[in-house]
There are 2 protein chains.
Amino acid sequence: MKESKRKKLEAAGWRVGSADELLGLSAVESLLVDLRLALSQALRRRREKLHISQRTLAERIKSSQSRIAKMEAADPEVSFELLLRGLFATGATRREVASVFSEPTTTAKRKPRQAAS
Amino acid sequence: MKESKRKKLEAAGWRVGSADELLGLSAVESLLVDLRLALSQALRRRREKLHISQRTLAERIKSSQSRIAKMEAADPEVSFELLLRGLFATGATRREVASVFSEPTTTAKRKPRQAAS
DNA sequence: TTGCGCGATGTCGGATTTGACATATAGTTA
DNA sequence: TAACTATATGTCAAATCCGACATCGCGCAA
């Protein structure tokens, strides 16, 4: 069914069911934040397991130590591409990266705010 | 073991085995290209399944129709973040996105054109 | 103590990516 | 035929992200 036709049906009072389970923008944002965190943690785990310094990994992907530090700190300024690049450079396979995506987000705890004084 | 110590051992002729299976930069690049393609294909599949236009999806993530088109064309100048944003906006879960990562790159076949008349 | 390696954090000029817009083509409907 | 919708493609100024660099604290070894 074309969208134009669907719109006509809906305008006529029909509900075209299928799956219009589209997430709100904030829900998407939240997923991205969680994902960035999960990837950054995975990167640190993998790097430490290889016993290499941030500087060494940085050289591998032609980046800099400070940027690797920001990646591992889940700094919102670092792109997902850079995080993926880092993971692959530690020898991660697509499958291993996939598991980071599907895992139930390691921490669960969200920004523990301090109580009001 | 600290990296400095490892270096000393290696300088002394030792091989510190563990897993130094670090990929070359071009191998990483190749993985990223494949991944971008897989994500763009998944996005198109999901959008079409929902019977929504590129314009509609664009509004959902506050982007533009032309950018969605570029995303689905796996244009190298669209970011992974935008691709992920698009997928999540179609209702994809982390698990579903993970499956895109782990799948053996949805085949090699490129744009099945119709035969010449 | 001094010196060194590692990592965290901030800054900055330049590179990249963005949404918006224009425009072209193709398919559909009137 | 014209009008409308969906998609592809190119451009551009503004926003974002980059590598590089400086600097700081920490832990360890000389």
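Please read all numbers here as calculations on a predicted model, not as lab measurements. Labels below follow one simple rule: chain letters A, B, ... track the order of the sequence lines, proteins then strands, and each chain is numbered from 1.
With a 4.5 Å cut-off on side-chain heavy atoms, B/Arg94 and A/Asp34 count as touching. Counting only heavy atoms from C-beta outward, the side chains of B/Val33 and B/Ser30 never approach each other to under 4.5 Å. Considering only heavy atoms from C-beta on, A/Leu31 comes within 4.5 Å of A/Leu23 through its side chain. Proximity of A/Val78 to A/Arg36: side-chain heavy atoms (C-beta onward) are separated by under 4.5 Å at one or more points. For the pair B/Arg60/A/Val28, no side-chain contact is recorded, criterion being any heavy-atom separation below 4.5 Å from C-beta on. Under the 4.5 Å side-chain criterion, counting only non-hydrogen atoms from C-beta, B/Phe80 is in contact with B/Leu32.
For the pair B/Gln54 CD and D/dA8 C1', the interatomic distance rounds to 8 Å; values are reported in whole Å. Spacing between atom CG of B/Leu50 and atom P of D/dA6 amounts to 15 Å, rounded to whole angstrom units. Going from atom CD of A/Glu48 over to atom P of C/dC6 covers 13 Å, rounded to whole Å. Put simply, CZ on A/Arg55 is 12 Å from C1' on C/dA8, counting in whole angstrom units. Between the CD1 atom of B/Ile61 and the P atom of C/dT18 there is a distance of 10 Å, given to the nearest Å. Summarising the geometry, the separation between NZ on A/Lys62 and P on D/dC17 is reported as 24 Å, rounded to the nearest angstrom. We find that CD of B/Glu59 is positioned 10 Å from P of D/dA6, with the value rounded to whole Å. Rounded to an integer number of Å, the gap from A/Ile68 CD1 to D/dG19 C1' is 11 Å.
A donor N or O paired with an acceptor N or O is found under 3.5 Å between the base of C/dG10 and the side-chain atoms of A/Lys70. Counting atom types as modelled, A/Gln65 pairs a side-chain N or O with a base atom of C/dA8 as donor and acceptor under 3.5 Å.
A donor-acceptor pair under 3.5 Å is formed between the side chain of B/Glu96 and the backbone N or O of B/Thr93.
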Please tabulate the protein-to-nucleotide N/O contacts below 3.5 Å involving nucleotides 13-15 of chain D, giving atom names and distances.
none

Please enumerate all protein N or O atoms sitting under 3.5 Å from an N or O of nucleotides 14-16 of chain C, with distances to 0.1 Å.
none

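Among the protein residues, B/Ser64 comes within range of the nucleic acid bases, having at least one heavy atom under 4.0 Å from a base atom.
A salt bridge (Lys or Arg N to Asp or Glu O under 4.0 Å) with A/Glu72 holds for exactly one of A/Arg46, A/Arg45, A/Arg44; it is A/Arg44.
One finds a side-chain N or O of B/Ser63 lying less than 4.0 angstrom from the OP1 or OP2 phosphate oxygen of C/dG19. The side chain of B/Arg47 contributes no N or O atom lying less than 4.0 Å from OP1 or OP2 of D/dA6.
For DNA chain D, the neighbouring residues in residues 73-86 of chain A, judged by any heavy atom under 4.0 Å, are A/Glu77, A/Val78, A/Ser79, A/Leu82.
Side-chain N/O atoms of A/Ser53 and A/Thr56 include a donor and acceptor closer than 3.5 Å.
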- Query: For B/Glu59 and B/Arg55, what are the C-alpha separation, side-chain angles and deciding distance, and is it a salt bridge (charged side-chain N to carboxylate O under 4.0 Å, His left out)?
  - Reply: CA-CA 6 Å; B/Glu59 285 163 3; B/Arg55 185 170 306 282; 5.7 Å; no
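Cation-pi geometry between A/Arg95 and B/Phe101 is not met at under 6.0 angstrom from the ring centre and within 45 degrees of the axis.
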